[in-house]
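Just so we're on the same page: letters track the sequence lines, and every chain starts at 1.
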Protein chains: 2
Amino acid sequence: MSVSLRPSEALALWHDVTLDLVRDGSHDFSSRQITILLTIYLEQPPHTVRGLAAKLNVTKPVITRALDTMGALDLVTRRRDEKDMRNVIIQRTVKGALFVEKMGDVIVARAKELPR
Amino acid sequence: MSVSLRPSEALALWHDVTLDLVRDGSHDFSSRQITILLTIYLEQPPHTVRGLAAKLNVTKPVITRALDTMGALDLVTRRRDEKDMRNVIIQRTVKGALFVEKMGDVIVARAKELPR
DNA sequence: TCCGATTGTTACGGAGGCGTTATAGTCTTA
DNA sequence: TAAGACTATAACGCCTCCGTAACAATCGGA
């Protein structure tokens, strides 16, 4: 086990980071969308619609729609699985990687500024 | 300065917590809604529509609508400011406090479980 | 007292997400 | 090879949110 945080600090961190994301104003993602994006970029590939749906405990159309949205923003791409043409493999993009990386920087910065 | 976090840890934390929130399945709040809720519960009162709009860098109707939604869920209440009847004072509720508290616990727990 | 400024809300048409259900394409196996 | 299982997506009606603009209520100063 690793990062030691008091509840008040945890909430202050969450507040500060989401505030930054909102103020930035580029997007207003839901928790589902954020989770999908981070799962794709943090967990081991390959990622499929079915896999994500099971992991997040939501229906498959929810994943499809989120991928449509993120795909339109070029944060994510899809291609058919050559081994099993029923599957769709979800892939990362440069733009998505930059977005996630930036998000990590924001969290780190806000954690550092946290009063104690 | 306080909490020391590497970018990979920060993102993993964010992922784990949002995943918990999504899996729970009770709500699917946007970043805006989360930020509004946390601001009300973490920052010093009084909170007004105008004040929140300015702080989050969004328009006032956005705040009004978010308060409508959160109010319907009993996470927040409003009353008129007696000193200046143009203002609306946004107030906390027991249910809202519990929700935020639970969220803090989730973050703390996930931070503790973070592999290092 | 009135008139401009300020506050929060409502109205509007549009965009996007929801859950459910139906569908097309692909695999598997009997 | 034919039937059934499985994958992802499309279609449906509903609901919520969006930004802009108009609005009613209230305040404060000339």
Side-chain angles (χ1 to χ4, degrees), chain A residues 18-19 21-40 45-92, chain B residues 18-19 21-40 45-92:
Chain A
T18 53
L19 180 57
L21 295 180
V22 168
R23 270 177 164 153
D24 175 17
S26 43
H27 313 295
D28 185 34
F29 293 134
S30 69
S31 298
R32 286 179 173 182
Q33 291 171 316
I34 294 279
T35 307
I36 291 169
L37 194 64
L38 289 180
T39 299
I40 293 166
H47 300 287
T48 65
V49 172
R50 162 147 186 79
L52 289 174
K55 172 175 289 267
L56 303 207
N57 191 31
V58 298
T59 61
K60 287 189 291 178
V62 166
I63 304 296
T64 295
R65 282 189 290 255
L67 294 180
D68 288 344
T69 303
M70 307 254 175
L73 296 172
D74 197 29
L75 297 176
V76 142
T77 322
R78 292 181 265 201
R79 70 167 166 73
R80 282 283 162 186
D81 181 357
E82 295 297 334
K83 303 283 194 147
D84 183 343
M85 292 292 282
R86 290 174 302 181
N87 290 331
V88 160
I89 304 295
I90 297 135
Q91 294 185 291
R92 304 167 185 170
Chain B
T18 53
L19 180 57
L21 296 180
V22 168
R23 271 178 165 153
D24 174 17
S26 43
H27 312 294
D28 186 31
F29 292 133
S30 68
S31 299
R32 286 180 174 182
Q33 291 171 316
I34 294 278
T35 307
I36 290 169
L37 194 65
L38 289 180
T39 300
I40 293 167
H47 299 288
T48 64
V49 172
R50 162 145 186 80
L52 289 174
K55 175 177 286 272
L56 302 208
N57 190 32
V58 298
T59 61
K60 289 189 292 180
V62 166
I63 304 297
T64 294
R65 283 188 292 254
L67 294 179
D68 288 344
T69 303
M70 306 255 176
L73 297 172
D74 197 30
L75 297 176
V76 141
T77 322
R78 292 182 264 200
R79 69 166 166 75
R80 281 285 161 186
D81 182 356
E82 297 295 336
K83 303 283 194 148
D84 183 342
M85 292 293 281
R86 289 174 302 182
N87 290 332
V88 159
I89 305 295
I90 297 135
Q91 295 184 291
R92 303 166 186 172

Atom pair distance, as rounded to whole Å: CG in A:Asp28 and P in C:dG17: 11 Å

Rounded distance in Å - CG (A:Asn87) to C1' (C:dT26): 10 Å

Euclidean distance, atom NE2 of residue A:His27 to atom C1' of D:dC18 [Å, nearest integer]: 16 Å

Taken to the nearest whole Å, NZ/B:Lys60 to C1'/D:dA22 is 12 Å

A:Arg65 or A:Val88, whichever maps to the more 5' nucleotide of DNA chain D: A:Val88

Kindly say if B:Arg32 contacts the phosphate of D:dC18, meaning a side-chain N or O under 4.0 Å from OP1 or OP2. yes

So what does B:Ser30 hit on the nucleic acid, given a heavy-atom distance under 4.0 Å: a base, only sugar-phosphate, or nothing? nothing

Donor-acceptor under 3.5 Å (B:Arg80 side chain, B:Met85 main chain): yes

Taking the nucleotide of DNA chain C with the closest heavy atom to each, which residue, A:Thr59 or B:Val49, is nearer the 5' end? B:Val49

Using modelled atom types and a 3.5 Å cut-off, is there a donor and acceptor pairing between side-chain atoms of A:Asp28 and backbone atoms of B:Arg32? yes

Nearest whole Å is fine: how far is D:dT16 C1' from B:Leu67 CG? 15 Å

Within the sub-3.5 Å range, which N or O atoms of nucleotides 24-30 of chain D have a protein N or O partner, and how far apart are they?
unit_1, atom_1, unit_2, atom_2, d
D:dC27, OP1, B:Met85, N, 3.0

Could you tell me if the side chain of A:Leu52 sits less than 4.5 Å from the side chain of A:Ile40, heavy atoms only? yes

Roughly, in whole Å, what's the span from CD1 in B:Ile89 to P in C:dT7? 12 Å

Taking only side-chain nitrogens and oxygens of B:Arg50, does any of them come within less than 4.0 Å of OP1 or OP2 of C:dT9? no

NZ/NE/NH1/NH2 to OD/OE distance under 4.0 Å, A:Asp81 and A:Lys83: no

Pair A:Phe29, A:Leu73 - check side-chain contact (heavy atoms from CB on, under 4.5 Å), show working. CA-CA 12 Å; A:Phe29 293 134; A:Leu73 296 172; 3.9 Å; yes

Between C1' of D:dA8 and CZ of A:Arg78, the distance in whole Å: 9 Å

Count the heavy atoms belonging to other residues, nucleotides or ligands that lie under 6.0 Å from CZ of A:Arg92, then report whether that count exceeds 12. yes

Phosphate oxygens OP1/OP2 of C:dG8: is one of them under 4.0 Å from a side-chain N or O of B:Thr64? no

Quickly work out the A:Asp68 CG to C:dG17 P distance and round it to whole Å. 8 Å

Can any side-chain N or O of A:Arg78 pair as donor or acceptor with the backbone N or O of A:Gln91 at less than 3.5 Å? no

For D:dT16, does OP1 or OP2 lie under 4.0 Å from any side-chain N or O of B:Thr69? no

Should B:Gln33 be listed as having a side-chain N or O under 4.0 Å from OP1 or OP2 of D:dT16? no

